[in-house]
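For this chain, numbers begin at 1 and follow the sequence in order.
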Amino acid sequence: IHRVIYKLSKEPLVSIIIPIKDRIELLESCINSIIDKTDYSNYEIIIIDNQSIEFKTKLFLDDLVKSRDNISVIRYNKPFNYSDINNIAVKKAKGEVLCFLNNDTEVVSPNWLYELVSHAIREDIGAVGPKLLYENGTIQHAGVFLGYKGLAGHIYRYMPSDYWGSWAKGLLVQNVSAVTGACLVVRKSIFEEVGGFDSENLPIVFNDIDFCLKLLSRGYRNVYTPNAVLIHKESVTRGTLAYISEEIFFQN
């Protein structure tokens, strides 16, 4: 089994975009894990606050912005629309590379951002995603395949974190149909090239998969790497909000 490590001649600025609505304990764990564990230094964090109502949220965000010059907050005062929230944040992003990240994630491997960026800046690569684990250590995401229940599903879900899979695919960097938006890294230029996330038809779910398919249609390849690892508590903040119309649109 071979692994290629792509050396970066310089670290491009990465804009880490994190949507939130209250649940500050989740964001605090997420932010602290980025600051304490990440061995990649050139990044900014953009937090998009979607109608938080708790006073402790305001206090925490105010303190965060005052204490860190690479953290900013955007207010989004409309009903939850994941696609629109992130599209707006991208317009404010200064980075050459974007990292869409859920607030219910925590960094495990210090090299996570370096690994993802080192693939994302390759000219023929589109979206790049890491291995995501549930809190019990089993796999939540190892890439996305199409057709699961007529839609799409996560590869190797619920398997042990070190699961080899068929012909050791679980340990290999590989092309996949898509990666999850819970942690998705892509160059800003090609995000804009394909029009970003579909806020009209896919405001809540499948927008990340649809985005990856748009990249495929433009000739880019989406990549999963098991060499970047995070924990994902999976939709703790929002629960399930999807519309049936989104499933129908995505199926079509």
Is there a side-chain contact between [X] and [Y] (heavy atoms, below 4.5 Å)?
| X | Y | result |
| --- | --- | --- |
| Ser41 | Glu11 | yes |
| Glu96 | Lys188 | no |
| Ile18 | Ile16 | yes |
| Leu151 | Gln251 | yes |
| Leu171 | Ile1 | yes |
| Tyr82 | Phe100 | yes |
| Tyr76 | Asn81 | yes |

Keeping [X] on the side-chain end and [Y] on the backbone end, is there a donor-acceptor pair under 3.5 Å?
| X | Y | answer |
| --- | --- | --- |
| Asn222 | Ala178 | no |
| Asp210 | Phe206 | no |
| Thr38 | Ile35 | no |
| Asn207 | Ile204 | yes |
| His141 | Pro130 | yes |
| Ser29 | Glu25 | yes |
| Asn70 | Tyr43 | yes |
| Asp49 | Ser52 | yes |
| Ser109 | Val229 | yes |
| Thr225 | Asn227 | yes |

Pairs meeting criterion salt bridge (Lys or Arg N to Asp or Glu O under 4.0 Å) with involvement of residues 105-132, two or more places apart: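 For residues 105-132: Arg3-Glu115, Glu106-Lys233, Asp124-Arg221.
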Residue pairs involving residues 34-46 (criterion salt bridge (Lys or Arg N to Asp or Glu O under 4.0 Å); sequence neighbours excluded):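 For residues 34-46, and leaving out neighbouring residues, there are no salt bridge (Lys or Arg N to Asp or Glu O under 4.0 Å) pairs at all.
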Contact list for residues 194-206, test side chain to side chain donor-acceptor pair (under 3.5 Å), sequence neighbours left out: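 Qualifying pairs: Asp198-Asn201.
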Taking every non-hydrogen atom, the tightest pair across [X] and [Y]:
| X | Y | result |
| --- | --- | --- |
| Ala142 | Tyr156 | CB-CD1, 4.2 Å |
| Val223 | Val176 | C-CG2, 4.1 Å |
| Val117 | Pro12 | CG1-CG, 3.8 Å |
| Arg187 | Tyr220 | NH2-CE2, 3.8 Å |
| Gly170 | Pro226 | O-CB, 3.6 Å |

Passing option when Tyr40 is tested against Leu116, Leu8, Ile34 for side-chain contact (heavy atoms from CB on, under 4.5 Å):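 One option only clears the test, and that one is Leu8.
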Out of curiosity, [X] [atom1] to [Y] [atom2], how far, rounded to the nearest 0.5 Å?
| X | Y | atom1 | atom2 | result |
| --- | --- | --- | --- | --- |
| Leu26 | Asn103 | CG | CG | 5.5 Å |
| Asn86 | Ile48 | CG | CD1 | 5.5 Å |
| Thr138 | Met159 | OG1 | CE | 9.5 Å |
| Leu202 | Phe249 | CG | CZ | 5.0 Å |
| Ile190 | Arg218 | CD1 | CZ | 10.5 Å |
| His154 | Thr180 | NE2 | OG1 | 4.5 Å |

Hydrophobic cluster membership, [X] vs [Y], 4.5 Å side-chain cutoff:
| X | Y | value |
| --- | --- | --- |
| Leu13 | Ile31 | no |
| Ile5 | Val14 | no |
| Leu172 | Trp112 | no |
| Val205 | Phe145 | yes |

Step-by-step side-chain contact (heavy atoms from CB on, under 4.5 Å) determination, Ile231 to Thr105: CA-CA 5 Å; Ile231 291 171; Thr105 56; over 6 Å; no
Charged N-O contact under 4.0 Å between Lys58 and Asp62: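 Yes, charged N to carboxylate O under 4.0 Å.
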Phe197 and Phe191 aromatic ring geometry - parallel, tilted or perpendicular at 30°/60° bounds: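 Perpendicular.
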Distance flag, aromatic centroids of His232 and Tyr134, threshold under 6.0 Å: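 When the ring centroids of Tyr134 and His232 are compared, they turn out to be at least 6.0 Å apart.
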Verdict with supporting geometry, Leu133 and Ile139, side-chain contact (heavy atoms from CB on, under 4.5 Å): CA-CA 4 Å; Leu133 304 177; Ile139 294 172; 4.1 Å; yes
